[in-house]
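Each chain gets a letter, A, B and so on, in the order the sequences are listed, and its residues count up from 1.
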Number of protein chains: 2
Amino acid sequence: MASRAKATILDIAREAGVSKSTVSLVLQGSGLIRPETAVKVRKAIEDVGYVYNRGAANLRKAHSNVIGMVINDLTNPFFAELAVGMERVFQSAGIVPFIANTAENPVRQEEVLKSLMEQGVAGLIVSPARGTTPGAFRRLETAGVPVVFAMRRLPDSRIPVIAPDNHRGAYLAAAHLIGKGHRRLAFFGGTSDLVVYQERLGGFREACETLGIARRDVLIVEGETSRRGGIACLETALAMAEPPTAALCFNDAVAFGVMLALRKRGLEPGADFAVVGFDDVVEAEHYMPALTSVSVDTAGLGERAAHVMLKMIQSRTTRAEDHIGAVNLVVRDSCGPDRRARPAGMGDAA
Amino acid sequence: MASRAKATILDIAREAGVSKSTVSLVLQGSGLIRPETAVKVRKAIEDVGYVYNRGAANLRKAHSNVIGMVINDLTNPFFAELAVGMERVFQSAGIVPFIANTAENPVRQEEVLKSLMEQGVAGLIVSPARGTTPGAFRRLETAGVPVVFAMRRLPDSRIPVIAPDNHRGAYLAAAHLIGKGHRRLAFFGGTSDLVVYQERLGGFREACETLGIARRDVLIVEGETSRRGGIACLETALAMAEPPTAALCFNDAVAFGVMLALRKRGLEPGADFAVVGFDDVVEAEHYMPALTSVSVDTAGLGERAAHVMLKMIQSRTTRAEDHIGAVNLVVRDSCGPDRRARPAGMGDAA
DNA sequence: TTGATTTATTGGAACGTTCCATTTATAGAG
DNA sequence: CTCTATAAATGGAACGTTCCAATAAATCAA
């Protein structure tokens, strides 16, 4: 059934008694072939255990059918959700996306990008690693490979971005906290080299300012965007002379870390210290207490990114419009009112 | 700087005033080239914005440098951890593994496998989807592509397997529960078409038998291997006339679901109903209460699988030995003693 | 100097496809 | 029948590499 060496279309041609061109046409589902011939060829294909060599085909064809997804942290369930959304739309387009993980490492990212390019990808959806240098995507650009950024963006690049409305999300979250009576607020996690960070922090700051929180009452603690980072942030904050009573976290992972650290100190998240996350990963709903978080419709953004990509490939362009997804605050149980404020019977302006 | 059409080694050759063969040699880092020539060529490569065409190269070379990882559920953090372990070793071998998700769908898996083969992968590490047909990997076999199964295996295939000692893990977990005084035990989640399920259930059953649990006191509830599946299992179990007091779950996701469902019913996981998970994902430690689980050294298994793969490629074989990883039970807070047993002061034989 | 040896470099065939331009077969019109 | 139009199948030249065999240049032994 299977021959020693790899079978090629010539082997099939011989087996079926037709020319290689005919086999090629059948492979491409061309309507030019007489149905009976096609059947004969397909049988031969089956018989010799043929596997199509896409590399050889791409040598002649303009476009490959490979799309790469380059993700900065696969262990964050958030990105897995994003990937799932993308896969949904690529699947229906007959494309198998290849996922590669950069583990938040720009050097690794460089390798991944290089490898994907060499493979002849038709397009790339990327959530760039922290500390990506501005030139990292120049090669892609000059090669004319369509790229879209998902969730994260680079300081000043012309590459289209699909991301949630970070500013508004953070504003909503901070306003919620302030509405609950909190007057000393913190922003936990993330680092300023991330544009997303700037955006989220910006929304947070704007809320504080317009809703009358004094500048000296807001605390910013940078940190890793992981559970561990969250733990560290809380430690830092509680070591202050006048610690905050509530925090907006850069993302849910950080929020989980903060809740963990609170528990370890015998404090109850929600009651003793309010915490809000960002991204609303599925775990958020299931945590104890359930985490209030900014929902960004992750899978939807993934789908959107995939659609944009498909359109770019189709129209052979490397440009597209940005897309900012709507967000909304999902209120759960992780932020009670400010304990200290209550007994004083403070009224709130807004 | 960048030319219109894609640059090839011939363009470089012209630019550097050498032959294409020389360029090829430089690209491969051959020592046959005079250093000054190599420098000249490398400069030309930079100047024309060349990107290597691996497809063309693979047409001539025996082996590609692509390794695929086919995973049945990327949203399960367990598999992300596995992937991370593999990536560690591939990276140091200068290989970028491509990850593809099958979402537990055999049809999708078929497509993914086909696509990866067409791409000319050097090898495949696969955690097969549930319901994979026995013939699904025949093509790979006849094509001589090395494949290793990670975590899961197929009923009777000769493909090497890297997996934890499921039987022993389940035995340990069940024994722990019995040691705590529980006499009515359940096994939650998973379906019998999974070999892993058979193994884990087997270990569970053996423990029950040798440690004196009556057959009518053990309850098996099949279900999805997800949080949702866990919720369903618990509902089913508690609807019984004489419900179990403790459960070993097929994996941590199921266990999380069970804990969730308990809470929803006003029961406290650990105190009112004991639950043990399997896999020991990072979340297990951080749950409330922290989940007792069978630790399988996920990343370690990933590394092992990658090593086996590398060795298979190197020795151009398609066979390798199975590797069963050691497991151990990590006891945390999710299983207290049987409430009902205590007052009666029952002693235990073993 | 000559021939042999080593060191650098090179042309050309091959790899497995696609696709254009042809050829061959089939049918329809007169 | 022949002529034309249509349908079906085909040969051959690319595509961008690698690698073998061959050449050219430099070095060495005598």
Candidates Pro106(B), Ser127(B), Pro128(B) - the one meeting side chain to side chain contact (heavy atoms under 4.5 Å, CB included) with Asn72(B) = Ser127(B)
note = side chain to side chain contact (heavy atoms under 4.5 Å, CB included) test vs Arg130(A) passes for just one of Thr102(A), Val196(A), Asp193(A), namely Asp193(A)
key: Leading and trailing nucleotides of DNA chain D with any atom under 4.0 Å from heavy atoms of chain A   = dA8(D) to dG16(D)
ask   = To the nearest Å, how far apart are Leu32(A) CG and dC19(C) C1'?
value = 12 Å
query = How many Å lie between CG on Asn58(A) and C1' on dC19(C), as a whole number?
reply = 15 Å
query = Would Lys20(A) and Glu15(A) pass as an ion pair if we require N to O under 4.0 Å?
reply = no
query = Which ones in residues 113-122 of chain B lie close to DNA chain C, meaning a heavy atom under 4.0 Å from one of its atoms?
reply = none
ask   = What are the residues of residues 13-25 of chain A, sorted by number, that bring a heavy atom to within less than 4.0 Å of DNA chain C?
value = Lys20(A), Ser21(A), Ser24(A)
message = Working note: Glu81(A) + Thr75(B), criterion side chain to side chain donor-acceptor pair (under 3.5 Å); need CA distance, chi angles, decisive distance, verdict.
response = CA-CA 7 Å; Glu81(A) 287 173 40; Thr75(B) 63; over 6 Å; no
inquiry  = Exactly one of Glu111(A), Glu118(A), Glu110(A) should register a salt bridge (charged side-chain N to carboxylate O under 4.0 Å, His left out) with Lys114(A). Which one does?
reply    = Glu118(A)
With [X] via ring-ring contact (aromatic ring centres under 6.0 Å, His included) - residues at least two apart:
X         : value
Phe78(A)  : none
Phe137(A) : Phe149(A)
Phe79(B)  : none

message = Let me check the geometry of the helix from dT1(C)-dA30(D) to dG30(C)-dC1(D). What is the bend angle between the axes at its two ends, five pairs each, to 10°?
response = 50°
task = Could you tell me whether Arg158(A) atom CZ has more than 12 heavy atoms of other residues or ligands within 6.0 Å of it?
result = no
key: Pairs flagged by ring pair (Phe, Tyr, Trp, His ring centres under 6.0 Å) wherever residues 39-66 of chain B is involved - sequence neighbours left out   = none
message = By the ring pair (Phe, Tyr, Trp, His ring centres under 6.0 Å) test, which pairs, at least two apart or in different chains, include something from residues 9-43 of chain A?
response = none
key: Sugar-phosphate only, base, or nothing, as touched by Leu27(A) at under 4.0 Å among non-hydrogen atoms   = nothing
query = Contact class for Ile9(B) (heavy atom, under 4.0 Å): base, sugar-phosphate, or nothing?
reply = base
query = With Asn58(B), which residues qualify under side-chain hydrogen bond (donor to acceptor under 3.5 Å, both in side chains), at least two apart?
reply = none
request  = List for me each residue that meets side chain to side chain contact (heavy atoms under 4.5 Å, CB included) alongside Ser21(B), sequence neighbours excluded, and say none if there are none.
outcome  = Ser19(B)
Leu59(B) or Gln28(B), whichever maps to the more 5' nucleotide of DNA chain D = Leu59(B)
request  = Determine yes or no for a side-chain-to-main-chain donor-acceptor pair under 3.5 angstrom, with Gln28(A) supplying the side chain and Ser24(A) the backbone.
outcome  = yes
inquiry  = Treating Thr142(B) as the side-chain partner and Arg139(B) as the backbone partner, does any N or O pair qualify as donor plus acceptor under 3.5 Å?
reply    = yes
note = So, with a heavy-atom separation below 4.0 Å from DNA chain D, the residues of residues 36-44 of chain B are none
